[in-house]
Visitor: 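This structure is in structure tokens; I'll ask about it shortly.
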Amino acid sequence: MLEDAETMTILELSETVEWGEGVDREPIALTDYIGTLRTDFLGDFSPEKLTITIGGRFMGQRGSFANLQDANGRIQLFMKKGTIGKDEEEIELTDKMMKLLHIGDFIGVTGEMFMTQTGEATIRVKELKFLSKSLRNLPIVKVDKAGNKHDEFTDPELRYRQRYVDLTVNPHVKETFLKRIKLMNVIRNYFNDQGWLEVETPILQPIHGGAAARPFATHHNSLDMPLYMRIANELYLKRLIVGGFDGVYEFGKMFRNEGMDRTHNPEFTAMEIYVAYKDYIWMMEMVETLLEKIALEVTGGTSVGYDGKEINFAGPYVRMTMYESIEKYTGIDVSKMDEAGLREVCEKFHIEIDSSMGKGKLVDEIFGEKVEDNLIQPTYITDYPIEMTPLAKKHRTSQGLVERFELFINGKEIANAYSELNDPIDQRERFEDQLKLAERGDDEAMVLDEDFLRALEYGMPPTSGLGIGIDRLTMMMTNQHSIQEVLFFPQMKPEAQTQIEEAID
RNA sequence: GAUCGGCUAGCUCAGCUGGUAGAGCACUUGACUUUUAAUCAAGGGGUCCCGGGUUCGAACCCCGGGCCGGUUACCA
């Protein structure tokens, strides 16, 4: 539906369609794309020989000059009235078309490259084809000589709701998403080179296992049973290791029914990988290699500017056990403390706690409050208390700990990894401990998955697993501070209630 | 959830102490046609987020609601 304000444009459209009927409707055969055209042209300039055909959006004009934009860039057109076409009739038609042309329309042009007096690579248009009409006004961003932007399309609400407009008029936005895609491809290529396999596991799960979070619940009609959108895919990937794959990974959307803010969206992308016959020490080395590679290929260097700081992704990264890190930043050794001692420490630092919290949770609270923000450069925090990590293997030497690390960068958790727990008896006990926590009031304690235990009972090789938050890693690599800037379509409340009602009817 | 700020033309924004709604870009018409924030002239375009209230009179003040953003809390 279009507003009254658009009436004029619709009249214009009908006129366009009318003359358009006389125009060749065959698909236009593009010979080039704007993105590479300018550099190709500048590299090997052979004037009057290079006849090309390109397509794109018409993005405004100045006198006889105009801009054309395609997926990868813009180029200037020279379109002089009364000169485009083979004969009188065609010239007249093209003049009419140029009059109807406005910002946002898709056109195809054929012409020759030349250099203007002011040194701008330009196409002298010999033939103009109208391809598609834009009925709405694009917000045009103008950039002056000094590089200042005028009338920039900046309203975050409009930008997120109408990402197609954002992408069209804000090149830096497109750049961010291209980097996100590149980042994922770097990971894929590296993993594939190692022989690890990209797999897919269920998004609709009868038991929402593998993490501690509130799920989205739904209902399957013909089975008449509840299903949950996955909060994690960990237990399914481990089943595949049981099934005999040596290395499996998945890029997947996870869904958590919790608050939204600058770093949380209800659906987000996690990359999880499991490699058999490895442990978490090996995994730290793998992650260092991977992140260095990502930084290099996505940003062009291993040192990345973020938040006014320089983050150095070249390995090896600092390694500290969780207890060491707490001692470093509080001066207190909590490693031998019982629950009562930990509660005292929390009180001393005015950390809010409640009765449902066990030992592991209390340690985590102290860590979150006193340590996390200090971990600016990539840092591995290792060897977590067993209570907070029900899916990780017990530490080979330290009692009460598990073989786990989290990678912190700029005070944020970026990756989480274990030597995976593959002892089915231990795993059952750890699930049962979770049940006790749940009874105590912890509504995020992990749910017992009987089939997963059965899988472990058949035998799982020693395995190391890793999860990386792709959205947050992308934020890091693109210097963005809101998750919405790295998601094409971040979750938003509906624009107007009426739209929802219409949709339901 | 708390708190602060924003919402005015398609976009970016002005709008004083409450007194007929403004600019630039975009759009339309014309001029110009080697421009690059093109230029010049004229024109059209508004549910001032929504609903109530106060007032002779509300974009502006008051009450309620909505959406967006910042901060903060919660949440692996």
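Order of the sequence lines sets the chain letters (A, B, ...), proteins ahead of strands, with each chain counted from 1.
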Visitor: Listed by chain and number, what are the ring-ring contact (aromatic ring centres under 6.0 Å, His included) partners of Tyr274(A), not counting sequence neighbours?
Guide: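 ring-ring contact (aromatic ring centres under 6.0 Å, His included) check on Tyr274(A) returns nothing, list empty.
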Visitor: So does Arg62(A) get a side-chain nitrogen or oxygen closer than 4.0 Å to the phosphate oxygens (OP1/OP2) of U35(B)?
Guide: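 Indeed not, no polar side-chain atom of Arg62(A) lies that close.
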Visitor: Look at all strands and tell whether Arg472(A) reaches a base, only sugar-phosphate, or nothing, counting heavy atoms closer than 4.0 Å.
Guide: nothing
Visitor: How far, in whole Å, is A21(B) from U29(B) if one measures between their C1' atoms?
Guide: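 U29(B) and A21(B) have their C1' atoms separated by 25 Å.
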Visitor: Side chain of His264(A) only, heavy atoms from C-beta on: which candidate in C11(B), U34(B), C75(B) is closest?
Guide: C75(B)
Visitor: Could you check Arg163(A) against Asp166(A) for salt bridge (Lys or Arg N to Asp or Glu O under 4.0 Å), going step by step and ending with a plain yes or no?
Guide: CA-CA 5 Å; Arg163(A) 185 67 90 183; Asp166(A) 193 25; 2.8 Å; yes
Visitor: Using the ring-ring contact (aromatic ring centres under 6.0 Å, His included) criterion, which residues pair with Phe255(A)? Sequence neighbours excluded.
Guide: none
Visitor: On RNA chain B, check which nucleotide each of Gln162(A) and Gln117(A) is closest to and give me the residue with the more 5' one.
Guide: Gln162(A)
Visitor: Heavy atoms from C-beta onward define the side chain here; which of U34(B), C11(B), A37(B) lies closest to that of Asp144(A)?
Guide: A37(B)
Visitor: When rounded to the nearest Å, what value does the distance between C1' atoms of G64(B) and U28(B) take?
Guide: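 42 Å, rounded to whole Å.
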Visitor: Nearest 0.5 Å please: distance from the CZ atom of Arg180(A) over to the OG1 atom of Thr478(A).
Guide: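 Arg180(A) atom CZ to Thr478(A) atom OG1 measures 9.5 Å (nearest 0.5 Å).
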Visitor: With the threshold set at 4.0 Å, does a side-chain nitrogen-carboxylate oxygen contact exist between Glu250(A) and Arg230(A)?
Guide: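 Judged by the 4.0 Å cut-off on N to carboxylate O distance, Glu250(A) and Arg230(A) do form a salt bridge.
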Visitor: Could you check how far CE of Met254(A) sits from C1' of C75(B), rounded to whole Å?
Guide: 18 Å
Visitor: In the structure shown, which nucleotide is the Watson-Crick or G-U wobble counterpart of G10(B), with both distances under 3.5 Å?
Guide: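 Pairing partner: C25(B).
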Visitor: Is the count of non-hydrogen atoms from other residues, nucleotides or ligands lying under 6.0 Å from Glu339(A) atom CD greater than 12?
Guide: yes
Visitor: Determine whether a donor-acceptor pair (one donor, one acceptor, N or O, separation below 3.5 Å) exists between the side chain of Thr116(A) and the base of U34(B).
Guide: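 No.
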Visitor: Counting side-chain heavy atoms from C-beta on, which of U34(B), C25(B), C67(B) comes nearest to Asp151(A)?
Guide: C25(B)
Visitor: Could you check how far NZ of Lys80(A) sits from C1' of U35(B), rounded to whole Å?
Guide: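 It works out to 11 Å between those atoms.
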Visitor: Taking atom P in both C75(B) and G5(B), compute the distance separating them and give it to the nearest angstrom.
Guide: 28 Å
Visitor: Report each atom pair, protein N/O against N/O of nucleotides 69-72 of chain B, whose distance is under 3.5 angstrom.
Guide:
{"residue": "G69(B)", "atom": "OP1", "partner": "Gln484(A)", "partner atom": "OE1", "Å": "2.7"}
{"residue": "G69(B)", "atom": "OP1", "partner": "Gln484(A)", "partner atom": "NE2", "Å": "3.3"}
{"residue": "U71(B)", "atom": "OP2", "partner": "Arg262(A)", "partner atom": "NH1", "Å": "3.0"}

Visitor: Check the distance between A26(B)'s P and Gln61(A)'s CD and give it to me in whole angstrom.
Guide: 10 Å
Visitor: Heavy atoms only, 4.0 Å cut-off, all strands: where does Lys145(A) land among base, sugar-phosphate and nothing?
Guide: sugar-phosphate
Visitor: If we take the P atom in both C60(B) and C50(B), what is their distance in whole Å?
Guide: 10 Å
Visitor: Looking at U34(B), C11(B), C67(B), which one has an atom nearest to any side-chain atom of Phe114(A)?
Guide: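 From the listed options, U34(B) comes nearest.
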Visitor: At under 4.0 Å between heavy atoms, what does Leu138(A) touch on the DNA or RNA strands: base, sugar-phosphate, or nothing?
Guide: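 No contact.
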Visitor: Among the nucleotides C67(B), C13(B), C11(B), which one has an atom lying closest to any side-chain atom of Lys493(A)?
Guide: C67(B)
Visitor: My understanding is that a pair needs two contacts under 3.5 Å, Watson-Crick or G-U wobble. By that rule, which nucleotide pairs with G46(B)?
Guide: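 WC or wobble partner does not exist here.
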Visitor: Both distances below 3.5 Å, Watson-Crick or wobble geometry, any strand: find the nucleotide opposite C74(B).
Guide: none
Visitor: When you compare A31(B) with C67(B), how far apart are their C1' atoms, in angstrom units rounded to a whole number?
Guide: 45 Å
Visitor: Angle class for the Phe65(A)/Phe78(A) ring planes (parallel below 30°, perpendicular above 60°, tilted otherwise)?
Guide: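 If you compare the ring of Phe65(A) with that of Phe78(A), the planes turn out tilted.
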Visitor: Between G51(B) and U47(B), how far is it from one C1' atom to the other, in whole Å?
Guide: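 Taking atom C1' in both G51(B) and U47(B), they lie 12 Å apart.
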Visitor: For the side chain of Lys142(A), starting at C-beta, report the closest nucleotide among C11(B), A37(B), U35(B).
Guide: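 Selected nucleotide: A37(B).
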Visitor: Once you apply the 3.5 Å cut-off to both distances, tell me the Watson-Crick or G-U wobble partner of A38(B), or none.
Guide: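 Result: none.
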Visitor: Side chain of Gln76(A), base of U35(B): donor and acceptor closer than 3.5 Å?
Guide: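 Indeed, a donor on one side and an acceptor on the other fall under 3.5 Å apart.
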Visitor: With rounding to the closest Å, how many angstrom separate the P atoms on U71(B) and G53(B)?
Guide: 38 Å
Visitor: Cation-pi check, Arg404(A) to Tyr418(A): give yes when NZ or CZ is under 6.0 Å from the six-membered ring centre and within 45° of the ring axis, no otherwise.
Guide: no
Visitor: May I ask you to say what Lys361(A) touches in the nucleic acid, namely base, sugar-phosphate or nothing, with a heavy-atom cut-off under 4.0 Å?
Guide: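 Lys361(A): backbone/sugar contact only, no base atoms under 4.0 Å.
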Visitor: In this structure, how many angstroms lie between the C1' atom of C75(B) and the CZ atom of Phe268(A), rounded?
Guide: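 The distance from CZ of Phe268(A) to C1' of C75(B) comes to 12 Å, rounded to the nearest Å.
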Visitor: In Å and rounded to the nearest 0.5 Å, what is the CD to CD distance from Glu406(A) to Glu372(A)?
Guide: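 Nearest 0.5 Å value for the CD-CD distance: 8.0 Å.
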Visitor: For Met388(A) and for Met260(A), find the nucleotide of RNA chain B with the closest heavy atom, then tell me which residue's nucleotide is more 5'.
Guide: Met260(A)
Visitor: Taking any strand in view, what nucleotide pairs with G69(B) in a Watson-Crick or G-U wobble way, both distances under 3.5 Å?
Guide: C4(B)
Visitor: How many whole angstroms separate atom CD of Glu258(A) from atom P of C74(B)?
Guide: 13 Å
Visitor: Mind calculating the distance between CG (Asp155(A)) and C1' (A9(B)) to the nearest angstrom?
Guide: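 For the pair Asp155(A) CG and A9(B) C1', the rounded distance is 15 Å.
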Visitor: Could you give the distance separating G46(B) and C7(B) at their C1' atoms, to the nearest angstrom?
Guide: 15 Å
Visitor: Are more than 12 heavy atoms, taken from residues, nucleotides or ligands other than Tyr33(A), located less than 6.0 Å from that residue's OH atom?
Guide: no
Visitor: Which nucleotide sits closest to the side chain of Asn137(A): U34(B), C25(B), A26(B)?
Guide: A26(B)
Visitor: Can you tell me the base-pairing partner of C56(B)? Count Watson-Crick or G-U wobble geometry only, both distances below 3.5 Å, and say none if there is no partner.
Guide: G19(B)
